[in-house]
There are 2 protein chains.
Amino acid sequence: MKLTSRSEYALLALVYLARHETEGFISIDVIATAQGIPPKFLEQLMLALKRAHFLRSAKGQKGGYQLAKRPDQISLAEVIRLFDGALAPTESVSLNFYESTPIEKEKKLTKVFKDIRDYVSQKLEKTTIADVIR
Amino acid sequence: MKLTSRSEYALLALVYLARHETEGFISIDVIATAQGIPPKFLEQLMLALKRAHFLRSAKGQKGGYQLAKRPDQISLAEVIRLFDGALAPTESVSLNFYESTPIEKEKKLTKVFKDIRDYVSQKLEKTTIADVIR
DNA sequence: ATAAATCCTATTGGTTTAGTAGGAATTTAA
DNA sequence: TTAAATTCCTACTAAACCAATAGGATTTAT
């Protein structure tokens, strides 16, 4: 797994929305300004998060986004998988994004990377947005 | 960290050389054929491994490559860092390849990724080519 | 009506990845 | 002494990916 800006910005946006959960719909511009994210870039990420049912939106004036799930029901793993794909260090040991890669035939090598995959998934699966705010 | 073909092929080549440590210099074509690596691509990797002092070479007929270190003195971490850079999931938590990234200001978030970084480095640092052969 | 917002797709510029190409230099063996 | 086998080295390329930017369509509140 390699974090891209997409994932990092998406996490920051979710963290912001979680911290302002009670404030109704919040616009992209407010979040972008608060978290230092290019607004038009954030727009794409928000749309993806909405389509993946992490967010709800309202159009028009007074519109914006809000969380569609409780912060403790959004794991870092889900968000990162959405934007960056496999959590595993190489796809041949990925459960969700399997593809063949050269090291596959070396069992001892794949074992090492499976151990890493397991630690990473476990860690990101159990850590939620709720753990990150405050 | 995300493993590229470069790293994977390089590891396979080192594993092959470690398994044939007593057989003198071995040519790129032999390794490429045995491990299923595009030979001209492998050539570049071998050159990099040589410049990083993992390999010795001999030119000309009967030439080729051999390990310049014992297999138990070559960690997976060193090889992967050479070809793929940071082991950390994002550069803002990397000790060897630090760069600023968006999540940096969220301490709880960086903590999670530092934990991952620590597990991954520790694992790849302590696993050597010797552990992988046989 | 107008302004503010999301929705949606296309485009762009730069970088990285996974090679390929080809010539120069060196060594061995016939 | 010449040919073959090898490493050495750099440049090139095609495709994919990344980090945005652009701009129009739609919806809603005032």
Side-chain angles (χ1 to χ4, degrees), chain A residues 1-10 12-13 17 23-33 35-52 54-66 68 80 82-86 90-91 97 99-103, chain B residues 1-10 12-13 17 23-33 35-52 54-66 68 80 82-86 90-91 97 99-103:
Chain A
M1 177 209 28
K2 174 80 192 298
L3 249 55
T4 64
S5 306
R6 278 193 301 279
S7 277
E8 298 204 16
Y9 287 147
L12 290 180
L17 288 176
E23 304 171 22
F25 292 102
I26 297 177
S27 77
I28 284 172
D29 279 333
V30 167
I31 303 168
T33 301
Q35 297 288 50
I37 307 173
K40 290 296 281 183
F41 192 32
L42 179 58
E43 193 183 314
Q44 296 179 38
L45 308 178
M46 298 301 272
L47 212 39
L49 286 167
K50 186 204 164 177
R51 288 173 177 155
F54 295 111
L55 298 181
R56 258 193 302 275
S57 70
K59 285 173 139 186
Q61 209 164 333
K62 292 278 166 181
Y65 290 91
Q66 66 184 187
I80 294 171
L82 178 63
F83 292 103
D84 291 340
T90 182
E91 317 217 297
F97 298 84
E99 267 180 79
S100 180
T101 83
I103 54 153
Chain B
M1 175 207 33
K2 175 81 192 299
L3 249 56
T4 64
S5 305
R6 279 194 301 277
S7 276
E8 296 204 17
Y9 287 149
L12 290 179
L17 287 176
E23 301 171 24
F25 291 101
I26 297 177
S27 78
I28 283 172
D29 279 333
V30 167
I31 302 168
T33 301
Q35 297 287 50
I37 307 173
K40 291 294 281 181
F41 192 32
L42 180 57
E43 195 182 312
Q44 297 179 37
L45 309 177
M46 299 301 272
L47 213 39
L49 287 168
K50 188 204 161 177
R51 289 173 175 155
F54 295 110
L55 300 180
R56 258 193 299 275
S57 69
K59 286 172 137 185
Q61 209 164 331
K62 293 278 165 181
Y65 290 90
Q66 65 185 188
I80 294 170
L82 178 62
F83 291 104
D84 291 341
T90 182
E91 316 216 300
F97 297 85
E99 268 182 78
S100 179
T101 84
I103 53 154

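These numbers come from a predicted model, not from an experiment. First the proteins, then the strands, lettered A, B, ... as listed; each starts at 1.
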What N/O pairs connect the protein and nucleotides 1-3 of chain C at under 3.5 Å? Give each pair on its own line.
from, atom 1, to, atom 2, distance (Å)
dA3(C), N3, Q61(A), OE1, 3.3

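- We find the CG-OG distance between D84(A) and S5(A) to be 9.0 Å, quoted to the nearest 0.5 Å.
- Along DNA chain D, the stretch of nucleotides lying under 4.0 Å from any heavy atom of chain B spans, 5' to 3', dA4(D) to dA11(D).
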**Request:** List the protein contact pattern of nucleotides 6-17 of chain C with one symbol per nucleotide (5' to 3'): B for base contact, S for sugar-phosphate-only contact, - for none; contact means a heavy-atom distance under 4.0 Å.
**Result:** BBB-B------S
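- Listed pair Y9(B) / dG19(C) meets the phosphate criterion, a side-chain N or O lying under 4.0 Å from OP1 or OP2.
- Separation of atoms CZ (F83(A)) and CG (L45(A)) is listed at 5.0 Å; rounding is to 0.5 Å.
- Distance, I37(B) CD1 to dT20(C) C1': 16 Å, rounded to whole Å.
- The distance from atom CD1 of I80(A) to atom CD of E8(A), rounded to the nearest 0.5 Å, is 9.0 Å.
- Counting all heavy atoms, side chain and backbone alike, P39(B) lies closest to D29(B) at CB-OD1, 3.6 Å.
- Atom-to-atom, CZ of F41(B) to P of dG22(C) comes out at 19 Å; the value is rounded to the nearest Å.
- Between the CE atom in M46(B) and the CD1 atom in I26(B) there is a gap of 9.0 Å [rounded to 0.5 Å].
- Smallest separation of non-hydrogen atoms from F25(A) and S57(A): CE2-C, 3.7 Å.
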